[in-house]
Asker: 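Sending over a structure as structure tokens; questions will come in a sec.
Predicted, not measured: the structure shown is a model, and the values here were computed from it.
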Amino acid sequence: GNQRLFVETAGSLVPDAFHHESVTVVREEDGIAVFSGCSHSGILNMIDTAMARFPGEPVKAVFGGFHLIGLPLFNSMAASLEKIEKLRRSLMIDVAHELRTPLTNIRGYLEALNDGVLPPDTSTFALLQDETMRLVRLVEDVLHLAHADTAQNDLQIEDINLNELLSGVLENFSPAIDKKEILVAVEVQHVPRMVMADRNRLTRILRNLCDNAVRYTPAGNRVLIRMTLKNHHISMDFINPAGDLVADDVPFLFERFYRGEKSRSRQHGGAGIGLAIVKELVEAHAGSVRAELLDDRARIGFQLPQQPSTE
């Protein structure tokens, strides 16, 4: 970023600052050092420098209009920024890992075509198209996840017929449901016809949960979608065979790129982003998500606070 960091300490920081490429010294006078070009890592560098150079001394700083006073607050700020930096690096590594597999496959097919090992027929082009679409879906999921992070700031709340919305989503998945001969049952218990929510975001929530249930349900099995109203909260759960999902996986199902059993997502084509998007969008509506194992079945769903309809 280009915001300036002002640091007041018991002495000079400038000699140490020259060792950090992440900040630029603007000036220093009367114990106050001014730095520019401060990224998260730049702030961390100068915090670490101040704490190491003047151990136990009070430190004052201003960054982006925020006044931070005292060593404990610096420790807290440093920990928070370090966590953000680790999450950013982890996300970049995960995305790169997901991109590498389809790109490697596409490269292999193209090299084989070029060397005459694979014939340029319909089957080969279908393989190339599958890998290309896998890339497209991954990029779209990452974009949806980025937008979900800021969804709370621009929700377009309106009256929505929940049954109609779910029916439309299931209709879109009917080819996959029919292909696997899955029986989908919907159970509704005292849920109001209309709910207040953002239509596009609620549609995405239902699509991702439906996709997850259909994707991991073996052919010829059953998916139960249960809607209930309890304690002024509307709940919707997707219940389907757990397959190779184990109890240790459950707390992490809504984490970004979490895979659990490594072969699980590879076999079914998931990237581990869909449920993370669900979590972000549900929480943007002041709701919560949940997942649990019920014997040999998985229950994954959400609840939203009931809001009065305008109808």
Side-chain angles (χ1 to χ4, degrees), residues 98 101-102 105 122-141 144-145 162-189 202-228 235-247 249-250 252-279 281-282 289-302:
E98 292 297 330
T101 301
N105 291 342
T122 303
S123 176
T124 301
F125 291 131
L127 291 172
L128 283 169
Q129 184 177 20
D130 286 344
E131 294 298 331
T132 303
M133 291 308 300
R134 183 175 172 184
L135 278 175
V136 170
R137 286 192 297 269
L138 175 60
V139 171
E140 288 178 347
D141 282 346
H144 281 301
L145 184 58
L162 189 56
N163 289 329
E164 288 184 358
L165 191 67
L166 177 60
S167 296
V169 170
L170 290 175
E171 181 66 27
N172 289 332
F173 280 92
S174 59
I177 292 171
D178 294 341
K179 182 179 180 180
K180 297 179 72 173
E181 298 182 338
I182 294 173
L183 173 63
V184 177
V186 179
E187 181 181 297
V188 181
Q189 301 176 2
L202 186 54
T203 300
R204 172 57 58 180
I205 291 169
L206 299 185
R207 282 183 60 86
N208 286 11
L209 287 172
C210 188
D211 176 70
N212 185 78
V214 172
R215 185 186 299 272
Y216 292 112
T217 296
N221 277 263
R222 180 173 181 261
V223 173
L224 172 62
I225 303 173
R226 178 180 294 152
M227 291 187 284
T228 58
S235 299
M236 182 178 293
D237 294 303
F238 287 71
I239 305 169
N240 56 277
D244 53 13
L245 187 69
V246 297
D249 294 331
V250 173
F252 307 102
L253 288 178
F254 292 98
E255 296 295 323
R256 301 176 183 189
F257 294 101
Y258 181 76
R259 289 191 173 281
E261 174 59 40
K262 299 298 182 182
S263 62
R264 188 169 184 260
S265 290
R266 295 295 185 197
Q267 176 186 353
H268 298 283
I273 302 178
L275 293 182
I277 294 173
V278 169
K279 181 176 183 289
L281 294 180
V282 168
V289 295
R290 62 185 176 211
E292 62 178 329
L293 288 180
L294 304 171
D295 296 326
D296 61 344
R297 302 184 73 78
R299 182 174 80 169
I300 300 176
F302 66 94

Asker: For a quick test of reading the model, state the closest non-hydrogen atom pair linking A291 to I300 and the distance between them.
Answerer: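 Scanning both residues, the minimum pair turns out to be CB-CG1, 4.1 Å.
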
Asker: When you compare the side chain of E292 with that of L294, does any pair of heavy atoms fall below 4.5 Å?
Answerer: yes

Asker: Under a 4.5 Å cut-off applied to non-hydrogen side-chain atoms, are L209 and L275 in contact?
Answerer: yes

Asker: Examine distances only and state if a side-chain atom of K180 and a backbone atom of R215 form a donor-acceptor pair shorter than 3.5 Å.
Answerer: yes

Asker: CE/M227 to CD1/I225 distance, rounded to the nearest 0.5 angstrom?
Answerer: 8.0 Å

Asker: Any side-chain heavy atom of I177 sitting closer than 4.5 Å to one from V223?
Answerer: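 Side chain of I177 against side chain of V223, heavy atoms only: no contact under 4.5 Å found.
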
Asker: Check whether any side-chain heavy atom of L202 sits under 4.5 Å from a side-chain heavy atom of F302, and report yes or no.
Answerer: yes

Asker: Do I205 and M236 have side-chain heavy atoms sitting under 4.5 Å apart?
Answerer: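 The answer is no; the side chains never approach within 4.5 Å.
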
Asker: Kindly indicate whether the side chain of I182, heavy atoms from C-beta on, has any atom under 4.5 Å from the side chain of N240.
Answerer: no

Asker: Kindly compute the distance separating CG (L183) from CG (L224), expressed to the nearest 0.5 Å.
Answerer: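 Going from the CG atom of L183 to the CG atom of L224 covers 9.5 Å.
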
Asker: Would you say the side chain of N208 lies within less than 4.5 Å of the side chain of L281, judging by non-hydrogen atoms?
Answerer: no

Asker: If you apply the rule side-chain contact (heavy atoms from CB on, under 4.5 Å), what do you find for L253 with N212, and how did you get there?
Answerer: CA-CA 11 Å; L253 288 178; N212 185 78; over 6 Å; no

Asker: What closest approach, in Å, do T228 and Q189 show between heavy atoms, and which atom pair accounts for it?
Answerer: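 Closest approach of T228 to Q189, heavy atoms only: CG2-OE1, 3.2 Å.
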
Asker: Hey, could you give me the CZ/CZ distance between R299 and R290, rounded to the nearest 0.5 Å?
Answerer: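 If we round to the nearest 0.5 Å, R299:CZ and R290:CZ are 5.0 Å apart.
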
Asker: State, to 0.1 Å, how close N221 and P241 come at their nearest heavy-atom pair, and which atoms those are.
Answerer: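 So the minimum-distance heavy-atom pair works out to OD1-CG, 3.6 Å.
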
Asker: Show the nearest heavy-atom pair for residues A247 and L293, with the distance to one decimal.
Answerer: N-CD1, 3.5 Å

Asker: Tell me the side chain to side chain donor-acceptor pair (under 3.5 Å) pairs involving residues 165-174, sequence neighbours left out?
Answerer: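 Sorted result for residues 165-174: empty, none.
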
Asker: Please give me the minimum heavy-atom distance between F173 and C210, naming the atom from each residue.
Answerer: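 The pair with the smallest heavy-atom distance is CD1-SG, 3.6 Å.
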
Asker: Distance from R207 atom CZ to L165 atom CG, nearest 0.5 Å?
Answerer: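 So the CZ of R207 and the CG of L165 are separated by 10.5 Å.
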
Asker: Give me the atom names and distance for the closest heavy-atom approach of R222 to A185.
Answerer: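 Closest approach of R222 to A185, heavy atoms only: NH2-CB, 3.6 Å.
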
